[in-house]
Amino acid sequence: MAFTDDFTGTSGQDLEARTGWTLVSGSAGAAEINASNQLKTVGVGNAGHAYNASDCGTADHYAQCVYRGGLSGPWVPAVRVVDNQNFVGVRAEAAQFSAQKRVANTFSAIGTYAATPASGDVLKCEMSGTSFAFYLNGVSRITGTVSDAVFSGVTKCGLVCRSAAADPCIDDWESTTSGGGGPTEYLITPSGGVAFAGGATLIHGRVVHPAGGVGFSGAAPITRDRTIAASGGVVFDGAAPYETHNVERVIVPSGRVTFGGTAPMTFTPAGGANARAKILSMGTRTMRTDSRASMRREASA
């Protein structure tokens, strides 16, 4: 289940006082909420101040946030964060983004991408095995290998404040398990339709919004999808084509939604009996499902 934080709260609230955040090394109050409900960093110094976000439960995870400001300061987002001396992350600089790892107080470059950071940029760092990737606005821009033993099995991500303060720094945090080698881009917006024929073809997708319809014919093609907003209809013909876990999903196409396969929806809501998935069709057959019809629902433990 993804951990998210939009940093809404009382101005001056320390980051470590918020649910899901832990200061693991450095000084308290190095990051806090500003008056605009964004995160600012005030802690500086070469040693740095490291924060962990809620445990992802696996070393294969990603961390994502919206950049708001600050250059050559905090490393955010960062993955496999052990402490302020050992982490893998990215930071915005004057005309580029720099991805580096820090091992036992020593920085090593992974790569850079030339671009002027702009408020609203979506920054994402991901680790899968020893593979690192940095995404800028959903596009992979830096990749590399991180195989240092200190990062083996580290399941937490976060941020490290150092060098220069940033106000504002970031907004809209999200972190969870990575796609395990599958696609991780968030947005699919082709001019035509989209067809998924293989099994488990969409992993950690966030938005599928094509001009045409969306068709799923393989077995269990969606895992942890969030939103399908197609201009056409949506057709699920494979076995167990829509498996969801722990968070509410939404299908909002302009056309019909058709489930033709066996066990077409398995839904395990985090809220137990009070949670539900949503299927909203704007076509001639509007359908909203709860625990009936084309859904098998199981309350999570």
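Worth knowing before you read on, the calculation uses all heavy atoms, side chains too, and leaves out hydrogens, waters and symmetry mates.
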Begin with the C-alpha distance, continue with both residues' side-chain angles, and end with the deciding distance and a verdict on side chain to side chain contact (heavy atoms under 4.5 Å, CB included) for Phe132 and Cys125. CA-CA 7 Å; Phe132 168 84; Cys125 289; 3.9 Å; yes

Exactly one of Leu159, Asp14, Asn52 should register a side chain to side chain contact (heavy atoms under 4.5 Å, CB included) with Trp21. Which one does?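 The option that passes is Leu159.
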
Could you go step by step and tell me if Ser98 and Gln96 meet the side-chain hydrogen bond (donor to acceptor under 3.5 Å, both in side chains) rule? CA-CA 6 Å; Ser98 174; Gln96 67 178 15; 4.9 Å; no

Examine distances only and state if a side-chain atom of Ser36 and a backbone atom of Gln38 form a donor-acceptor pair shorter than 3.5 Å.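 Not a single qualifying donor-acceptor pair exists.
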
Would a distance-only check, ignoring hydrogens and angles, find a side-chain to backbone donor-acceptor pair under 3.5 Å from His49 to Arg162?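 Not a single qualifying donor-acceptor pair exists.
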
Compare all side-chain heavy atoms of Asp60 with those of Arg80 and state whether any distance is below 4.5 angstrom.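 Yes, at least one pair of side-chain atoms sits under 4.5 Å.
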
Can you confirm whether Phe97 sits close enough to Asp121 that some side-chain heavy atom of one is under 4.5 Å from a side-chain heavy atom of the other?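 Phe97 reaches Asp121 side chain to side chain.
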
For Tyr51 and Thr41: C-alpha separation, side-chain torsions, deciding distance, then whether side chain to side chain contact (heavy atoms under 4.5 Å, CB included) applies. CA-CA 11 Å; Tyr51 290 87; Thr41 62; over 6 Å; no

Intermediate values then yes/no, side chain to side chain contact (heavy atoms under 4.5 Å, CB included), Leu136 and Leu123: CA-CA 5 Å; Leu136 176 61; Leu123 316 181; 3.6 Å; yes

Whether Phe87 and Phe107 hold their rings parallel, tilted or perpendicular, with breakpoints at 30° and 60°: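 Rings of Phe87 and Phe107: perpendicular, as their planes differ by over 60°.
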
Let me see the working for Asp171 and Lys40 under salt bridge (charged side-chain N to carboxylate O under 4.0 Å, His left out), right down to the final yes or no. CA-CA 9 Å; Asp171 204 350; Lys40 69 177 182 179; over 6 Å; no

Ring centroid separation for Phe134 and Tyr113, is it under 6.0 angstrom?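 Here the rings of Tyr113 and Phe134 have centres that are no less than 6.0 Å from each other.
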
State, without any angle test, whether Ser128 and Glu126 hold a side-chain donor-acceptor pair at a distance under 3.5 Å.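 Judged by distance alone, the side chains do not pair up.
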
Hydrogens and angles aside, do Asn37 and Thr8 bring a side-chain donor and acceptor to less than 3.5 Å of each other?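 Looking only at side-chain atoms, Thr8 and Asn37 do not form any donor-acceptor pair under 3.5 Å.
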
